[in-house]
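Order of the sequence lines fixes the chain letters, A, B, ..., with proteins taken first and strands second; residue numbering starts at 1 for each chain. All values below were derived from every heavy atom in this structure, side-chain atoms included, with hydrogens, water molecules and symmetry-related copies excluded.
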Number of protein chains: 2
Amino acid sequence: MQLTKTEEDLMNYLWKLEKAFMKDLLEAYPEPKPANTTVATLLKRMTDKGFIAYNLFGNSREYYPLVKKKDYFSKHVNGLIKHFFNDSSSQFASFFIKETNLSKKELEELRAIIDTEIKNK
Amino acid sequence: MQLTKTEEDLMNYLWKLEKAFMKDLLEAYPEPKPANTTVATLLKRMTDKGFIAYNLFGNSREYYPLVKKKDYFSKHVNGLIKHFFNDSSSQFASFFIKETNLSKKELEELRAIIDTEIKNK
DNA sequence: ATATTTGTTCTACGTTTGTAGAGAATAATC
DNA sequence: GATTATTCTCTACAAACGTAGAACAAATAT
């Protein structure tokens with residue numbers, strides 16, 4: 001199952017905080033903050049979907065992510081690639097490099113990274 | 001406004017065909033094909049959302065995309081980047097290079113592309 | 001001990017999405 | 001001219017989403 005956009009937002013706060021009580025998450029939101037029951041609902045749904053879990057402290061819960069941001073994100077990008085580029089990562093990568101306006105400096109950094117990767121193969 | 005996943009699928013067929021009657025789109029689907037009314041509904045919604053338009057031929061319509069795949073996709077990736085990488089394309093790019101398992105050959109091709117890009121700056 | 005804060009579950013309601021039937025109009029074919 | 005193919009609109013309906021009130025419970029502060 002998938003997180004919705006709204007749930008993803010919340011997940012992002014949780015990833016940032018690593019673990020958090022509802023209060024902390026509410027605080028993380030910019031104004032206008034959603035009702036606390038809204039966040040509670042989202043947390044419940046996300047728990048049901050298996051993306052987060054919690055430890056009980058008294059009667060309230062300290063939530064934490066069950067999925068690493070990295071992994072979640074990878075799956076996302078893969079889906080995108082599958083969808084738009086016939087499942088070819090390199091096709092996507094070259095598209096991305098050409099279309100995104102990276103600066104010269106950024107491109108050079110990227111090349112350095114690629115060189116390292118090539119060496120590791 | 002945004003296309004949903006199902007609408008995106010249909011959009012992909014349309015991008016591939018460049019222009020098409022409903023019949024052609026239906027044919028593009030793999031088995032089990034959706035009911036034609038389903039596709040009709042999607043086409044209507046996509047028209048309302050402003051992603052496609054059509055030319056009338058008799059009483060039926062030849063649909064065509066109003067958005068280029070490239071542009072649509074770019075917006076998508078940008079959204080993703082904004083969402084997950086604090087709006088930093090290069091941060092995303094390096095993440096992607098490291099996480100995706102590109103072959104040596106693919107990496108080398110990519111480096112060539114980057115070199116070209118750097119020269120053009 | 002009372003009031004306040006924090007958090008939980010249940011319920012709810014309008015909107016969007018996925019899917020498609022019914023009915024009607026036009027076009028093509030026999 | 002009657003039959004068939006095409007497809008458009010209207011209507012529908014269940015599931016998922018976004019949002020939040022009501023009611024209640026435990027913890028904390030005064």
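The side chain of Thr4(A) contributes an N or O atom lying less than 4.0 Å from OP1 or OP2 of dG18(D). Taking only side-chain nitrogens and oxygens, Lys49(A) never comes nearer than 4.0 Å to OP1 or OP2 of dA16(D). A sub-4.0 Å separation between OP1 or OP2 of dG18(D) and a side-chain N or O of Lys44(A) is absent. Taking side-chain N and O atoms only, Arg61(B) has no distance below 4.0 Å to OP1 or OP2 of dT7(D).
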Provide a list of protein-nucleic acid N or O atom pairs under 3.5 angstrom, restricted to nucleotides 26-30 of chain C.
from: dT26(C); atom 1: O4'; to: Asn59(B); atom 2: ND2; distance (Å): 3.3

Look for any protein N or O under 3.5 Å of an N or O in nucleotides 28-30 of chain D and output each such pair with its distance, or none.
none

Protein-nucleic acid N or O pairs under 3.5 Å, nucleotides 19-21 of chain D:
from: dT19(D); atom 1: O4; to: Arg45(A); atom 2: NH2; distance (Å): 3.3
from: dA20(D); atom 1: OP2; to: Ala35(A); atom 2: N; distance (Å): 3.3
from: dA20(D); atom 1: OP2; to: Thr38(A); atom 2: OG1; distance (Å): 3.3
from: dA20(D); atom 1: N6; to: Thr41(A); atom 2: OG1; distance (Å): 2.9
from: dG21(D); atom 1: N7; to: Thr37(A); atom 2: OG1; distance (Å): 3.2

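Partners of Tyr63(B) under the ring pair (Phe, Tyr, Trp, His ring centres under 6.0 Å) rule, at least two apart in sequence or in another chain, are Tyr54(B). With sequence neighbours excluded, no residue satisfies ring pair (Phe, Tyr, Trp, His ring centres under 6.0 Å) with Tyr64(B).
Side-chain contact check for Ile113(A) versus Glu108(A): every heavy-atom pair is 4.5 Å or farther apart. In this structure, Leu14(B) and Leu10(B) have side chains that are not in contact, with every pair of non-hydrogen atoms separated by 4.5 Å or more. The shortest distance between side-chain heavy atoms of Met11(B) and Pro65(B) falls below 4.5 Å. Annotation: side chain of Ile97(B) is in contact with side chain of Leu110(B) (closest heavy-atom distance under 4.5 Å). A heavy-atom distance below 4.5 Å is not found between the side chains of Leu107(B) and Arg111(B). By the 4.5 Å heavy-atom criterion applied to side chains, Leu25(B) and Tyr13(B) are counted as neighbours.
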>> ring pair (Phe, Tyr, Trp, His ring centres under 6.0 Å) for Phe96(A) and Phe92(B)? Distances and angles first, verdict last.
In response: CA-CA 11 Å; Phe96(A) 177 79; Phe92(B) 164 72; 5.0 Å; yes

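In this structure, the separation between OG on Ser74(A) and NZ on Lys69(A) is 12.0 Å, given to the nearest 0.5 Å. Considering CD of Gln91(B) and CD of Glu106(A), their distance stands at 10.5 Å, rounded to 0.5 Å.
Here dC17(D) presents its C1' atom at 14 Å from CD of Glu8(A), a figure rounded to the nearest Å. Between the P atom of dG7(C) and the CG atom of Leu43(A) lies a distance of 10 Å, rounded to the nearest Å. Put simply, NZ on Lys23(B) is 19 Å from P on dT4(D), counting in whole angstrom units. Protein atom CG of Asn36(B) is 13 Å distant from nucleotide atom C1' of dT9(D), rounded to whole Å. A straight line from CG of Leu3(A) to C1' of dG18(D) spans 15 Å, rounded to a whole angstrom. dT15(C) atom P lies 17 Å from atom CG of Asp48(B), rounded to whole Å. Rounded to an integer number of Å, the gap from CD of Glu27(A) to C1' of dT5(C) is 13 Å. In this structure, Tyr54(A) atom OH and dT6(C) atom C1' are separated by 16 Å, rounded to whole Å.
As judged by a 4.0 angstrom heavy-atom cut-off over every strand, Tyr63(B) is placed among residues touching the sugar-phosphate backbone only.
Within the structure, the salt bridge (charged side-chain N to carboxylate O under 4.0 Å, His left out) test picks out no pair touching residues 13-27 of chain B (sequence neighbours left out).
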